[in-house]
Amino acid sequence: MSDDILERLMTVLESRKGGDPSSSYVAKLYDQGIDTILKKIGEESAETIIAAKSGDKEQIIYETADLWFHSLVLLAQQNLTAQQVLDELDRRFGLSGIEEKSTRTKQ
């Protein structure tokens, strides 16, 4: 079920590329470019942190949904998919965090 909503969201996000910025929030984000998308992710991340600090579970869910949504917008803008992220999480499943980090190449 969770894969389904991600897939449906990614389909909508892709369909908004080249859309009318005056009639679509996502098209407006795309039109304004990567800096605007990254700013939104930063804002939503901060709001998620504040919600977590407050301990308000409903607000945590709400802000996390905003953070995930804007992260999906970034993926679509970069021609990446949610499935690629899910595949990476699947690859990491069962590895210790320390072990996984040690396998990453330095950039």
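Residue indices begin at 1 and follow the sequence shown.
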Could you grab the distance from atom [atom1] of [X] to atom [atom2] of [Y], nearest 0.5 Å is fine?
{"X": "T11", "Y": "E7", "atom1": "OG1", "atom2": "CD", "result": "6.0 Å"}
{"X": "L6", "Y": "Q83", "atom1": "CG", "atom2": "CD", "result": "8.5 Å"}
{"X": "H70", "Y": "Q77", "atom1": "NE2", "atom2": "CD", "result": "13.0 Å"}
{"X": "T48", "Y": "K53", "atom1": "OG1", "atom2": "NZ", "result": "14.5 Å"}
{"X": "I49", "Y": "S54", "atom1": "CD1", "atom2": "OG", "result": "12.5 Å"}

Once the angle between the rings of Y25 and F69 is folded into 0 to 90°, is it parallel (under 30°), tilted (30 to 60°) or perpendicular (over 60°)? parallel
Taking atom NZ as the centre, does K39 end up with more than 12 heavy-atom neighbours from other residues, nucleotides or ligands that are less than 6.0 angstrom away? no
Verify the neighbour count for atom CD of Q84: are there more than 12 heavy atoms of other residues, nucleotides or ligands below 6.0 Å? yes
Given the options T81, L29, L75, V26, L13 meets side-chain contact (heavy atoms from CB on, under 4.5 Å) only with V26
Looking only at atom types and distance, does a side-chain atom of [X] sit under 3.5 Å from a main-chain N or O of [Y], one as donor and one as acceptor?
{"X": "S45", "Y": "I41", "answer": "no"}
{"X": "T64", "Y": "I61", "answer": "no"}
{"X": "S24", "Y": "P21", "answer": "no"}

For [X] versus [Y], what's the shortest heavy-atom pair and its separation?
{"X": "E14", "Y": "Y30", "result": "N-OH, 4.4 Å"}
{"X": "A27", "Y": "R16", "result": "CB-O, 3.6 Å"}
{"X": "M10", "Y": "L80", "result": "CE-O, 3.4 Å"}
{"X": "L72", "Y": "A82", "result": "CD2-CB, 3.8 Å"}

Is there a side chain to side chain contact (heavy atoms under 4.5 Å, CB included) between D56 and Y62 once you walk through the steps? CA-CA 10 Å; D56 182 336; Y62 181 87; over 6 Å; no
Pairing of D4 and R8 as salt bridge, 4.0 angstrom limit: yes
Between L67 and V12, is there a shared hydrophobic cluster once you connect ILVMFWY residues whose side-chain heavy atoms come closer than 4.5 Å? no
In one Ile/Leu/Val/Met/Phe/Trp/Tyr side-chain cluster, 4.5 Å: I5, V73: yes
Non-hydrogen side-chain atoms of I34 and L74 separated by less than 4.5 Å: yes
K40 vs D66, side chain to side chain contact (heavy atoms under 4.5 Å, CB included): CA-CA, chis, key distance, verdict: CA-CA 9 Å; K40 284 303 298 180; D66 282 350; over 6 Å; no
